[in-house]
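For reference, the structure is listed below as C-alpha coordinates.
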Amino acid sequence: MIKTVATTPFNDQKMGTAGLRRKSKIVTQPNYIENFVQSIFNVMGDLSDKTLLLGGDGRFYNDIAIQKILKIAAANGLKKMVVAQNGFISTPAGSVVIRKYKLSGGFTLSASHNPGGPDGDFGLKYSNESGGQVSTSVTSQIEKAALSLTEYKILEAPDVDISHLGSFKLGDMEIEVIDGIKDYVAMMQNIFDFAALKKLAASGFTMRFDAMNAVTGPYAKEIFEKLIGFKEGSVVNFVPKPDFGGLHPDPNLVYAKELVDFMFSAQAADFGAANDGDGDRNMILGKGFFVTPNDSLAIITDNFKLIPYYAKGIYGVAKSAATSTAVERVAKAHGIGYYEVPTGWKYFVNLMDSQRITFCGEESFGTGSSHIREKDGIWAVLFWLSIIAATGKTVEQIAVEHWQKYGRSYYIRFDFEGVDTAVADRLMADLENKLPSLAGRSFGDLTIREAKPFVYHDPVDGSVTKNGLVIYFADGSRITYRLSGTGSSGATIRVYLERLQMKDILQNPLDMVTPLGRIALEIAEIPERTGKHQADVVT
Ligand code: G1P
Ligand code: ZN
(Lines give C-alpha, C1' and ligand atoms only; values in the text may rest on other atoms or scores of the structure.)
(Ligands and ions follow the chains in the order given, each with its own letter.)
Protein backbone atom coordinates (compact mmCIF):
# COMPACT_ATOMS: atom_id res chain seq x y z
CA MET A 1 0.00 0.00 0.00
CA ILE A 2 1.45 3.36 -1.03
CA LYS A 3 0.72 6.14 1.41
CA THR A 4 0.98 9.83 0.51
CA VAL A 5 1.97 11.82 3.58
CA ALA A 6 1.45 15.59 3.85
CA THR A 7 4.60 17.34 5.07
CA THR A 8 6.10 20.79 5.59
CA PRO A 9 9.57 21.73 4.31
CA PHE A 10 12.71 21.92 6.44
CA ASN A 11 14.65 25.02 5.47
CA ASP A 12 18.13 23.53 6.02
CA GLN A 13 18.28 20.69 3.48
CA LYS A 14 21.20 22.16 1.59
CA MET A 15 24.10 19.87 0.75
CA GLY A 16 27.59 21.10 1.61
CA THR A 17 31.09 20.06 0.55
CA ALA A 18 30.05 16.40 0.56
CA GLY A 19 26.33 15.68 0.82
CA LEU A 20 23.87 16.61 3.55
CA ARG A 21 25.32 16.53 7.04
CA ARG A 22 23.40 17.36 10.21
CA LYS A 23 23.26 16.52 13.91
CA SER A 24 21.61 13.13 14.50
CA LYS A 25 19.03 14.97 16.62
CA ILE A 26 17.93 16.92 13.56
CA VAL A 27 17.97 14.04 11.09
CA THR A 28 15.94 11.79 13.37
CA GLN A 29 13.05 14.28 13.57
CA PRO A 30 9.84 12.94 12.00
CA ASN A 31 9.82 13.41 8.20
CA TYR A 32 13.38 14.80 7.96
CA ILE A 33 14.95 11.97 5.95
CA GLU A 34 11.65 11.32 4.20
CA ASN A 35 11.47 14.92 2.95
CA PHE A 36 15.06 14.96 1.78
CA VAL A 37 14.92 11.67 -0.08
CA GLN A 38 11.59 12.56 -1.68
CA SER A 39 13.14 15.85 -2.86
CA ILE A 40 15.99 13.92 -4.49
CA PHE A 41 13.53 11.58 -6.21
CA ASN A 42 11.49 14.56 -7.42
CA VAL A 43 14.62 15.98 -9.07
CA MET A 44 15.63 12.58 -10.50
CA GLY A 45 12.32 12.31 -12.38
CA ASP A 46 11.31 8.99 -13.88
CA LEU A 47 12.64 6.17 -11.71
CA SER A 48 11.10 3.25 -13.55
CA ASP A 49 14.31 2.42 -15.42
CA LYS A 50 16.76 3.29 -12.65
CA THR A 51 18.82 1.12 -10.32
CA LEU A 52 20.46 2.76 -7.31
CA LEU A 53 22.89 1.65 -4.62
CA LEU A 54 22.09 2.01 -0.91
CA GLY A 55 24.43 1.53 2.02
CA GLY A 56 26.31 3.44 4.67
CA ASP A 57 29.12 3.51 7.18
CA GLY A 58 27.03 1.79 9.85
CA ARG A 59 26.69 4.76 12.16
CA PHE A 60 23.70 5.39 14.42
CA TYR A 61 20.47 5.66 12.35
CA ASN A 62 22.05 3.87 9.34
CA ASP A 63 19.66 0.92 9.73
CA ILE A 64 16.55 3.01 10.28
CA ALA A 65 17.30 5.41 7.41
CA ILE A 66 17.90 2.45 5.07
CA GLN A 67 14.45 1.02 5.80
CA LYS A 68 12.82 4.41 5.25
CA ILE A 69 14.68 5.00 1.98
CA LEU A 70 13.74 1.55 0.67
CA LYS A 71 10.05 2.17 1.32
CA ILE A 72 10.12 5.69 -0.18
CA ALA A 73 12.00 4.39 -3.23
CA ALA A 74 9.47 1.58 -3.72
CA ALA A 75 6.57 4.03 -3.41
CA ASN A 76 8.16 6.36 -5.97
CA GLY A 77 8.46 3.60 -8.55
CA LEU A 78 12.21 2.91 -8.49
CA LYS A 79 13.00 -0.13 -10.62
CA LYS A 80 15.66 -1.65 -8.39
CA MET A 81 17.71 -0.93 -5.28
CA VAL A 82 21.04 -2.67 -4.79
CA VAL A 83 21.58 -2.79 -1.02
CA ALA A 84 24.85 -3.53 0.76
CA GLN A 85 24.55 -6.48 3.13
CA ASN A 86 23.56 -5.30 6.61
CA GLY A 87 23.69 -1.78 5.19
CA PHE A 88 27.50 -1.56 5.32
CA ILE A 89 29.53 -0.09 2.47
CA SER A 90 32.46 2.31 2.44
CA THR A 91 32.27 5.41 0.26
CA PRO A 92 34.98 4.17 -2.15
CA ALA A 93 33.45 0.67 -2.32
CA GLY A 94 30.11 2.30 -3.17
CA SER A 95 31.77 4.12 -6.05
CA VAL A 96 33.27 0.82 -7.26
CA VAL A 97 29.85 -0.88 -7.23
CA ILE A 98 28.03 1.97 -9.01
CA ARG A 99 30.63 1.98 -11.79
CA LYS A 100 31.08 -1.77 -12.13
CA TYR A 101 27.37 -2.56 -12.42
CA LYS A 102 26.55 0.64 -14.34
CA LEU A 103 23.96 1.78 -11.79
CA SER A 104 22.20 5.14 -12.09
CA GLY A 105 23.78 6.32 -8.85
CA GLY A 106 23.32 5.76 -5.16
CA PHE A 107 23.11 6.88 -1.56
CA THR A 108 25.91 6.48 0.98
CA LEU A 109 24.68 7.20 4.47
CA SER A 110 27.58 8.82 6.27
CA ALA A 111 28.80 11.99 7.90
CA SER A 112 32.28 10.83 6.94
CA HIS A 113 34.83 11.67 9.63
CA ASN A 114 32.34 13.39 11.97
CA PRO A 115 31.53 11.56 15.22
CA GLY A 116 28.41 9.36 15.22
CA GLY A 117 25.75 8.34 17.73
CA PRO A 118 22.63 10.10 19.02
CA ASP A 119 24.74 13.14 19.95
CA GLY A 120 26.92 12.94 16.85
CA ASP A 121 26.25 13.57 13.19
CA PHE A 122 24.43 11.77 10.41
CA GLY A 123 24.61 12.39 6.68
CA LEU A 124 23.72 11.35 3.19
CA LYS A 125 25.92 11.51 0.10
CA TYR A 126 24.15 11.28 -3.24
CA SER A 127 26.10 10.03 -6.27
CA ASN A 128 25.23 9.83 -9.94
CA GLU A 129 26.12 7.15 -12.51
CA SER A 130 29.78 8.22 -12.50
CA GLY A 131 30.09 6.93 -8.93
CA GLY A 132 30.91 10.45 -7.78
CA GLN A 133 28.78 12.95 -5.91
CA VAL A 134 26.44 15.10 -7.93
CA SER A 135 27.47 18.60 -8.98
CA THR A 136 26.40 21.78 -7.21
CA SER A 137 23.83 22.52 -9.93
CA VAL A 138 22.02 19.30 -8.95
CA THR A 139 22.37 19.93 -5.21
CA SER A 140 20.79 23.35 -5.63
CA GLN A 141 17.86 21.84 -7.56
CA ILE A 142 17.37 19.42 -4.66
CA GLU A 143 17.53 22.23 -2.13
CA LYS A 144 14.85 24.08 -4.09
CA ALA A 145 12.68 20.99 -4.32
CA ALA A 146 13.02 20.46 -0.57
CA LEU A 147 11.94 24.02 0.17
CA SER A 148 8.64 23.60 -1.66
CA LEU A 149 7.88 20.00 -0.75
CA THR A 150 4.30 19.35 0.37
CA GLU A 151 4.13 15.56 0.45
CA TYR A 152 6.11 12.36 0.20
CA LYS A 153 5.21 8.84 -0.80
CA ILE A 154 6.06 5.79 1.29
CA LEU A 155 5.17 2.12 1.06
CA GLU A 156 3.44 0.73 4.13
CA ALA A 157 5.30 -2.51 4.69
CA PRO A 158 7.25 -4.33 7.39
CA ASP A 159 11.03 -3.77 7.48
CA VAL A 160 13.00 -5.90 5.02
CA ASP A 161 15.77 -8.29 6.00
CA ILE A 162 19.05 -7.20 4.40
CA SER A 163 21.29 -9.57 6.33
CA HIS A 164 21.43 -12.22 3.58
CA LEU A 165 22.63 -12.00 -0.01
CA GLY A 166 19.93 -12.43 -2.63
CA SER A 167 17.07 -10.81 -4.51
CA PHE A 168 13.44 -10.19 -3.58
CA LYS A 169 10.69 -7.63 -4.08
CA LEU A 170 9.40 -4.78 -1.97
CA GLY A 171 6.12 -3.77 -3.60
CA ASP A 172 7.03 -3.54 -7.28
CA MET A 173 10.66 -2.64 -6.57
CA GLU A 174 13.37 -5.24 -6.89
CA ILE A 175 15.93 -5.42 -4.08
CA GLU A 176 19.28 -7.13 -4.47
CA VAL A 177 21.41 -7.52 -1.37
CA ILE A 178 25.10 -7.63 -2.31
CA ASP A 179 28.39 -8.18 -0.54
CA GLY A 180 29.77 -4.66 0.08
CA ILE A 181 33.37 -5.83 0.25
CA LYS A 182 33.98 -8.30 -2.61
CA ASP A 183 33.98 -5.93 -5.61
CA TYR A 184 36.21 -3.44 -3.82
CA VAL A 185 38.76 -6.10 -2.95
CA ALA A 186 38.77 -7.32 -6.57
CA MET A 187 39.42 -3.75 -7.74
CA MET A 188 42.41 -3.41 -5.39
CA GLN A 189 43.80 -6.74 -6.61
CA ASN A 190 43.50 -5.44 -10.15
CA ILE A 191 45.46 -2.26 -9.36
CA PHE A 192 48.27 -3.46 -7.09
CA ASP A 193 50.78 -6.30 -7.23
CA PHE A 194 49.53 -8.44 -4.35
CA ALA A 195 52.34 -10.97 -4.83
CA ALA A 196 54.88 -8.21 -4.12
CA LEU A 197 52.87 -7.08 -1.10
CA LYS A 198 52.76 -10.64 0.21
CA LYS A 199 56.54 -10.81 -0.05
CA LEU A 200 56.82 -7.58 1.93
CA ALA A 201 54.62 -8.97 4.71
CA ALA A 202 56.52 -12.28 4.69
CA SER A 203 59.84 -10.45 5.02
CA GLY A 204 58.97 -9.42 8.56
CA PHE A 205 57.91 -5.88 7.68
CA THR A 206 55.17 -4.85 10.13
CA MET A 207 52.16 -2.58 9.83
CA ARG A 208 49.29 -1.29 11.92
CA PHE A 209 46.02 -0.16 10.36
CA ASP A 210 43.54 1.67 12.59
CA ALA A 211 39.97 1.36 11.29
CA MET A 212 38.76 3.63 14.11
CA ASN A 213 35.74 1.38 14.87
CA ALA A 214 34.31 2.39 11.52
CA VAL A 215 33.40 0.86 8.19
CA THR A 216 36.84 -0.14 6.87
CA GLY A 217 37.53 -2.74 9.58
CA PRO A 218 36.20 -5.73 7.58
CA TYR A 219 37.84 -4.48 4.35
CA ALA A 220 41.19 -4.04 6.07
CA LYS A 221 41.04 -7.44 7.80
CA GLU A 222 40.37 -9.11 4.44
CA ILE A 223 43.02 -7.19 2.50
CA PHE A 224 45.90 -6.64 4.91
CA GLU A 225 45.67 -9.73 7.11
CA LYS A 226 43.95 -12.41 5.04
CA LEU A 227 45.14 -11.68 1.50
CA ILE A 228 48.50 -9.98 2.06
CA GLY A 229 49.41 -11.87 5.19
CA PHE A 230 50.26 -9.22 7.78
CA LYS A 231 49.92 -10.93 11.13
CA GLU A 232 46.61 -11.05 12.95
CA GLY A 233 46.26 -7.97 15.12
CA SER A 234 47.80 -5.67 12.52
CA VAL A 235 44.32 -4.20 11.95
CA VAL A 236 42.98 -2.58 15.11
CA ASN A 237 39.57 -1.12 16.07
CA PHE A 238 38.14 -3.22 13.26
CA VAL A 239 34.57 -3.80 14.44
CA PRO A 240 32.31 -1.06 13.04
CA LYS A 241 30.23 0.49 15.82
CA PRO A 242 27.21 2.84 15.60
CA ASP A 243 29.02 5.49 17.67
CA PHE A 244 32.56 4.47 16.58
CA GLY A 245 33.15 3.43 20.18
CA GLY A 246 33.23 7.13 21.09
CA LEU A 247 36.07 7.84 18.67
CA HIS A 248 36.11 10.82 16.35
CA PRO A 249 36.90 8.78 13.23
CA ASP A 250 39.09 11.34 11.51
CA PRO A 251 42.56 10.02 10.62
CA ASN A 252 44.82 12.89 11.62
CA LEU A 253 47.38 13.65 14.30
CA VAL A 254 44.71 14.91 16.70
CA TYR A 255 41.96 12.29 16.47
CA ALA A 256 43.95 9.17 15.58
CA LYS A 257 45.99 9.70 18.72
CA GLU A 258 46.14 6.03 19.72
CA LEU A 259 47.82 5.11 16.43
CA VAL A 260 50.09 8.16 16.43
CA ASP A 261 51.28 7.43 19.98
CA PHE A 262 51.99 3.83 19.00
CA MET A 263 53.90 4.83 15.85
CA PHE A 264 56.04 7.26 17.84
CA SER A 265 56.74 4.69 20.60
CA ALA A 266 59.57 2.15 20.92
CA GLN A 267 57.16 -0.62 19.83
CA ALA A 268 56.19 1.14 16.59
CA ALA A 269 55.46 -0.91 13.50
CA ASP A 270 57.35 -0.17 10.27
CA PHE A 271 54.25 1.38 8.77
CA GLY A 272 51.04 2.87 10.20
CA ALA A 273 47.80 4.02 8.63
CA ALA A 274 44.25 4.97 9.53
CA ASN A 275 40.99 5.59 7.67
CA ASP A 276 37.96 7.68 8.54
CA GLY A 277 34.32 6.79 9.27
CA ASP A 278 33.37 5.94 5.69
CA GLY A 279 36.81 4.89 4.42
CA ASP A 280 37.64 7.67 1.99
CA ARG A 281 40.27 9.47 4.09
CA ASN A 282 43.70 8.14 5.03
CA MET A 283 46.68 8.99 7.19
CA ILE A 284 50.15 7.58 6.46
CA LEU A 285 52.83 7.15 9.14
CA GLY A 286 56.28 5.65 9.30
CA LYS A 287 58.24 4.73 12.42
CA GLY A 288 58.21 8.03 14.33
CA PHE A 289 57.30 9.85 11.13
CA PHE A 290 54.18 11.56 9.74
CA VAL A 291 53.55 12.09 6.04
CA THR A 292 51.31 15.08 5.29
CA PRO A 293 48.52 14.35 2.80
CA ASN A 294 50.07 17.06 0.59
CA ASP A 295 53.37 15.20 0.42
CA SER A 296 51.58 11.87 0.11
CA LEU A 297 49.84 13.03 -3.09
CA ALA A 298 53.14 14.32 -4.48
CA ILE A 299 54.99 11.10 -3.62
CA ILE A 300 52.24 8.86 -5.02
CA THR A 301 52.28 10.83 -8.28
CA ASP A 302 56.07 10.73 -8.51
CA ASN A 303 56.04 6.93 -8.11
CA PHE A 304 53.20 5.97 -10.46
CA LYS A 305 55.49 3.72 -12.52
CA LEU A 306 55.86 1.29 -9.61
CA ILE A 307 52.17 0.29 -9.73
CA PRO A 308 51.02 -2.11 -12.48
CA TYR A 309 47.70 -0.29 -13.11
CA TYR A 310 49.44 3.06 -13.78
CA ALA A 311 52.81 1.91 -15.14
CA LYS A 312 51.89 2.57 -18.77
CA GLY A 313 51.41 6.26 -18.05
CA ILE A 314 49.09 8.66 -16.32
CA TYR A 315 47.09 11.73 -17.27
CA GLY A 316 47.51 14.81 -15.12
CA VAL A 317 47.05 15.46 -11.45
CA ALA A 318 44.83 17.80 -9.44
CA LYS A 319 44.64 19.18 -5.94
CA SER A 320 42.25 21.41 -4.06
CA ALA A 321 43.37 25.04 -3.87
CA ALA A 322 44.03 24.81 -0.14
CA THR A 323 46.35 21.81 -0.62
CA SER A 324 50.10 22.55 -0.77
CA THR A 325 51.93 23.00 -4.05
CA ALA A 326 54.13 19.91 -3.50
CA VAL A 327 52.38 18.00 -6.29
CA GLU A 328 52.66 20.93 -8.70
CA ARG A 329 56.42 20.54 -8.77
CA VAL A 330 56.08 16.80 -9.46
CA ALA A 331 53.60 17.45 -12.28
CA LYS A 332 56.03 19.89 -13.86
CA ALA A 333 58.92 17.44 -13.62
CA HIS A 334 56.88 14.70 -15.29
CA GLY A 335 55.39 17.04 -17.88
CA ILE A 336 51.79 16.11 -17.01
CA GLY A 337 48.69 18.28 -16.64
CA TYR A 338 48.10 20.08 -13.36
CA TYR A 339 44.83 21.49 -12.00
CA GLU A 340 43.71 23.37 -8.91
CA VAL A 341 40.05 22.99 -7.93
CA PRO A 342 37.79 24.16 -5.08
CA THR A 343 37.56 22.05 -1.93
CA GLY A 344 35.38 18.94 -2.33
CA TRP A 345 35.93 15.74 -4.28
CA LYS A 346 33.08 16.43 -6.69
CA TYR A 347 35.25 18.99 -8.49
CA PHE A 348 37.72 16.28 -9.52
CA VAL A 349 35.03 14.20 -11.22
CA ASN A 350 34.83 16.17 -14.50
CA LEU A 351 38.62 16.17 -14.76
CA MET A 352 38.73 12.39 -14.34
CA ASP A 353 35.79 11.75 -16.69
CA SER A 354 37.46 13.84 -19.40
CA GLN A 355 40.79 12.04 -18.92
CA ARG A 356 42.59 15.17 -17.83
CA ILE A 357 43.78 13.66 -14.55
CA THR A 358 44.60 10.28 -13.01
CA PHE A 359 45.53 11.26 -9.43
CA CYS A 360 44.04 13.86 -7.14
CA GLY A 361 44.07 14.81 -3.52
CA GLU A 362 43.27 17.23 -0.74
CA GLU A 363 45.17 18.39 2.33
CA SER A 364 42.30 17.01 4.42
CA PHE A 365 43.66 13.45 4.23
CA GLY A 366 42.01 12.58 0.93
CA THR A 367 43.92 10.89 -1.88
CA GLY A 368 42.63 8.97 -4.85
CA SER A 369 42.70 8.18 -8.54
CA SER A 370 40.41 7.75 -11.51
CA HIS A 371 39.82 4.07 -10.67
CA ILE A 372 36.70 5.47 -8.93
CA ARG A 373 35.14 8.91 -8.36
CA GLU A 374 35.68 9.23 -4.61
CA LYS A 375 38.82 9.46 -2.54
CA ASP A 376 39.99 6.08 -1.36
CA GLY A 377 41.60 5.41 2.01
CA ILE A 378 42.69 1.78 1.60
CA TRP A 379 43.90 2.47 -1.95
CA ALA A 380 46.31 5.10 -0.59
CA VAL A 381 47.59 2.68 2.03
CA LEU A 382 48.15 -0.03 -0.60
CA PHE A 383 49.93 2.52 -2.81
CA TRP A 384 52.36 3.37 -0.02
CA LEU A 385 52.97 -0.29 0.83
CA SER A 386 53.65 -0.92 -2.86
CA ILE A 387 56.22 1.89 -3.01
CA ILE A 388 57.91 0.41 0.04
CA ALA A 389 57.80 -3.10 -1.44
CA ALA A 390 59.33 -1.90 -4.70
CA THR A 391 62.05 0.35 -3.26
CA GLY A 392 62.89 -1.36 0.03
CA LYS A 393 63.00 2.10 1.64
CA THR A 394 61.39 3.28 4.87
CA VAL A 395 58.56 5.82 4.86
CA GLU A 396 60.94 8.44 6.20
CA GLN A 397 63.57 7.76 3.52
CA ILE A 398 60.96 8.01 0.80
CA ALA A 399 59.71 11.37 2.09
CA VAL A 400 63.12 12.90 2.77
CA GLU A 401 64.48 11.87 -0.63
CA HIS A 402 61.38 13.40 -2.18
CA TRP A 403 62.05 16.73 -0.44
CA GLN A 404 65.70 16.62 -1.51
CA LYS A 405 64.53 16.33 -5.09
CA TYR A 406 61.54 18.71 -5.07
CA GLY A 407 61.92 20.99 -2.05
CA ARG A 408 59.54 20.89 0.90
CA SER A 409 56.21 22.63 1.42
CA TYR A 410 55.95 22.92 5.21
CA TYR A 411 52.24 22.84 5.79
CA ILE A 412 49.82 23.13 8.70
CA ARG A 413 46.09 23.84 8.92
CA PHE A 414 44.54 25.82 11.77
CA ASP A 415 40.80 25.40 12.45
CA PHE A 416 38.79 27.89 14.48
CA GLU A 417 35.65 25.98 15.38
CA GLY A 418 32.22 26.86 16.73
CA VAL A 419 32.37 30.46 15.50
CA ASP A 420 29.09 32.32 15.23
CA THR A 421 27.99 32.05 11.59
CA ALA A 422 27.33 35.78 11.19
CA VAL A 423 30.74 36.64 12.67
CA ALA A 424 32.48 34.19 10.35
CA ASP A 425 30.62 35.43 7.27
CA ARG A 426 31.46 39.04 8.08
CA LEU A 427 35.12 38.20 8.71
CA MET A 428 35.40 36.57 5.29
CA ALA A 429 33.53 39.39 3.52
CA ASP A 430 35.67 42.10 5.13
CA LEU A 431 38.84 40.16 4.40
CA GLU A 432 37.88 39.78 0.77
CA ASN A 433 37.37 43.53 0.45
CA LYS A 434 40.76 44.12 1.97
CA LEU A 435 42.69 41.73 -0.30
CA PRO A 436 43.56 44.13 -3.14
CA SER A 437 45.23 46.51 -0.68
CA LEU A 438 47.56 43.81 0.66
CA ALA A 439 49.84 43.35 -2.35
CA GLY A 440 53.33 44.62 -1.68
CA ARG A 441 53.01 44.60 2.12
CA SER A 442 55.96 43.06 3.96
CA PHE A 443 56.10 41.24 7.28
CA GLY A 444 59.75 40.68 8.15
CA ASP A 445 61.24 38.75 5.23
CA LEU A 446 57.81 37.75 3.91
CA THR A 447 56.34 39.99 1.21
CA ILE A 448 52.85 39.62 -0.21
CA ARG A 449 52.93 39.26 -3.98
CA GLU A 450 49.19 39.03 -4.57
CA ALA A 451 45.97 38.39 -2.63
CA LYS A 452 42.70 37.32 -4.23
CA PRO A 453 39.75 34.96 -3.97
CA PHE A 454 40.22 31.52 -5.49
CA VAL A 455 37.93 31.26 -8.51
CA TYR A 456 37.63 28.01 -10.47
CA HIS A 457 36.52 27.81 -14.06
CA ASP A 458 35.64 24.19 -14.74
CA PRO A 459 37.23 23.38 -18.13
CA VAL A 460 34.60 20.74 -18.84
CA ASP A 461 31.22 22.23 -17.98
CA GLY A 462 32.23 25.90 -17.83
CA SER A 463 30.82 26.37 -14.31
CA VAL A 464 32.45 28.97 -12.10
CA THR A 465 33.00 28.40 -8.37
CA LYS A 466 34.46 30.77 -5.82
CA ASN A 467 35.97 29.05 -2.80
CA GLY A 468 38.37 30.62 -0.33
CA LEU A 469 40.71 33.60 -0.20
CA VAL A 470 44.41 33.24 -0.94
CA ILE A 471 47.43 35.35 -0.02
CA TYR A 472 50.50 34.59 -2.14
CA PHE A 473 53.97 35.55 -0.91
CA ALA A 474 56.96 36.34 -3.09
CA ASP A 475 58.91 33.29 -1.81
CA GLY A 476 56.17 30.79 -2.78
CA SER A 477 54.53 30.69 0.66
CA ARG A 478 50.75 30.99 0.91
CA ILE A 479 47.91 31.58 3.33
CA THR A 480 44.44 30.33 2.38
CA TYR A 481 41.21 31.06 4.27
CA ARG A 482 37.94 29.15 3.88
CA LEU A 483 34.78 28.43 5.78
CA SER A 484 34.08 24.73 6.26
CA GLY A 485 31.16 23.26 4.34
CA THR A 486 30.85 20.02 6.28
CA GLY A 487 30.03 21.20 9.79
CA SER A 488 26.68 20.46 11.37
CA SER A 489 26.42 23.61 13.51
CA GLY A 490 28.11 27.03 13.73
CA ALA A 491 31.00 27.96 11.45
CA THR A 492 34.56 26.69 11.23
CA ILE A 493 37.18 29.05 9.83
CA ARG A 494 40.01 27.10 8.22
CA VAL A 495 43.39 28.77 7.79
CA TYR A 496 45.88 26.84 5.64
CA LEU A 497 49.56 27.76 5.86
CA GLU A 498 52.26 26.72 3.42
CA ARG A 499 55.93 27.70 3.59
CA LEU A 500 58.11 26.57 0.72
CA GLN A 501 61.79 25.73 1.24
CA MET A 502 63.88 24.27 -1.55
CA LYS A 503 66.97 23.40 0.57
CA ASP A 504 66.15 23.75 4.26
CA ILE A 505 64.05 20.60 4.45
CA LEU A 506 64.51 19.13 7.92
CA GLN A 507 62.99 21.77 10.18
CA ASN A 508 60.00 21.52 12.51
CA PRO A 509 56.85 22.34 10.47
CA LEU A 510 55.14 24.29 13.24
CA ASP A 511 58.21 26.51 13.71
CA MET A 512 58.40 27.06 9.98
CA VAL A 513 54.79 28.17 9.53
CA THR A 514 54.40 30.13 12.78
CA PRO A 515 55.40 33.47 11.17
CA LEU A 516 52.73 32.90 8.53
CA GLY A 517 50.23 32.02 11.26
CA ARG A 518 50.83 35.34 12.98
CA ILE A 519 50.32 37.21 9.73
CA ALA A 520 47.16 35.20 8.98
CA LEU A 521 45.61 36.05 12.35
CA GLU A 522 46.53 39.71 12.09
CA ILE A 523 45.26 40.28 8.56
CA ALA A 524 41.90 38.61 9.17
CA GLU A 525 41.57 40.00 12.72
CA ILE A 526 40.70 36.54 13.98
CA PRO A 527 41.35 37.14 17.72
CA GLU A 528 39.47 40.45 17.76
CA ARG A 529 36.47 39.10 15.91
CA THR A 530 36.18 35.57 17.32
CA GLY A 531 37.73 35.94 20.75
CA LYS A 532 40.04 33.06 19.86
CA HIS A 533 43.77 33.59 20.21
CA GLN A 534 44.56 30.02 19.26
CA ALA A 535 43.17 27.49 16.83
CA ASP A 536 40.96 24.73 18.22
CA VAL A 537 42.47 22.07 15.98
CA VAL A 538 45.94 22.12 14.44
CA THR A 539 46.63 19.44 11.81
C1 G1P B 1 36.26 18.94 4.48
C2 G1P B 1 37.62 19.02 3.84
C3 G1P B 1 37.49 18.77 2.35
C4 G1P B 1 36.82 17.43 2.10
C5 G1P B 1 35.51 17.36 2.85
C6 G1P B 1 34.90 15.97 2.76
O7 G1P B 1 35.42 19.93 3.94
O8 G1P B 1 38.22 20.25 4.08
O9 G1P B 1 38.77 18.79 1.78
O10 G1P B 1 36.57 17.24 0.73
O11 G1P B 1 35.71 17.67 4.22
O12 G1P B 1 35.73 14.98 3.26
P13 G1P B 1 35.17 21.36 4.63
O14 G1P B 1 34.65 21.10 6.01
O15 G1P B 1 36.50 22.04 4.69
O16 G1P B 1 34.21 22.05 3.73
ZN1 ZN C 1 34.99 10.36 4.71
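If you're wondering where the values come from, they're calculated on a predicted model, not measured in any experiment. In each ligand, atom 1 is the first atom listed, and ligand 1 is the first ligand listed.
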Pi-cation contact, F262 with R208 (under 6.0 Å, within 45°) | yes

Among the N/O/S atoms of D278, the Zn ion (ligand 2) lies closest to OD1

How does S364 reach ligand 1, by side chain, by backbone, by both or by neither, if only non-hydrogen atoms under 4.0 Å count?
-> side chain

Ligand 1 N/O within reach of T343 N/O, cut-off under 3.5 Å | no

Among all protein non-hydrogen atoms, which one is nearest to atom 7 (O) of ligand 1, and what is the separation to 0.1 Å?
-> T486 CG2, 3.3 Å

Tell me whether S112 has at least one N, O or S atom under 2.8 Å from the Zn ion (ligand 2).
-> yes

Run down the list R281, E362, R413, K375 and name the one with the heavy atom closest to atom 1 (C) of ligand 1.
-> R281

Ligand 1 to R482 polar contact by distance, N or O atoms, under 3.5 Å | yes

Against heavy atoms of G485, which atoms of ligand 1 measure under 4.0 Å?
-> 13 (P), 14 (O), 16 (O)

Is R494 in polar range of ligand 1, meaning some N or O pair under 3.5 Å apart?
-> yes

Sidechain N-carboxylate O distance under 4.0 Å for E432, K466 | yes

Would you say H113 has any N or O atom under 3.5 Å from an N or O of ligand 1, going by distance alone?
-> no

Close side-chain approach of I69 and I66, heavy atoms under 4.5 Å = no

D276 bridged to K375 by N-O distance under 4.0 Å = no

salt_bridge(K319, E362) N-O dist < 4.0 Å = no

In this structure, are over 12 heavy atoms from other groups packed under 6.0 Å from Q534 atom CD?
-> no

Do Y219 and Y184 make the cut of ring centroids closer than 6.0 angstrom?
-> yes

Test: D119 and K23 ion pair at under 4.0 Å = no

With atoms numbered from 1 as shown, which atoms in ligand 1 lie under 4.0 angstrom from a non-hydrogen atom of G344?
-> 10 (O)

Rounded to the nearest 10 degrees, what's the angle OD2 of D276 makes with OD1 of D280 at the Zn ion (ligand 2)? Could you check?
-> 100°

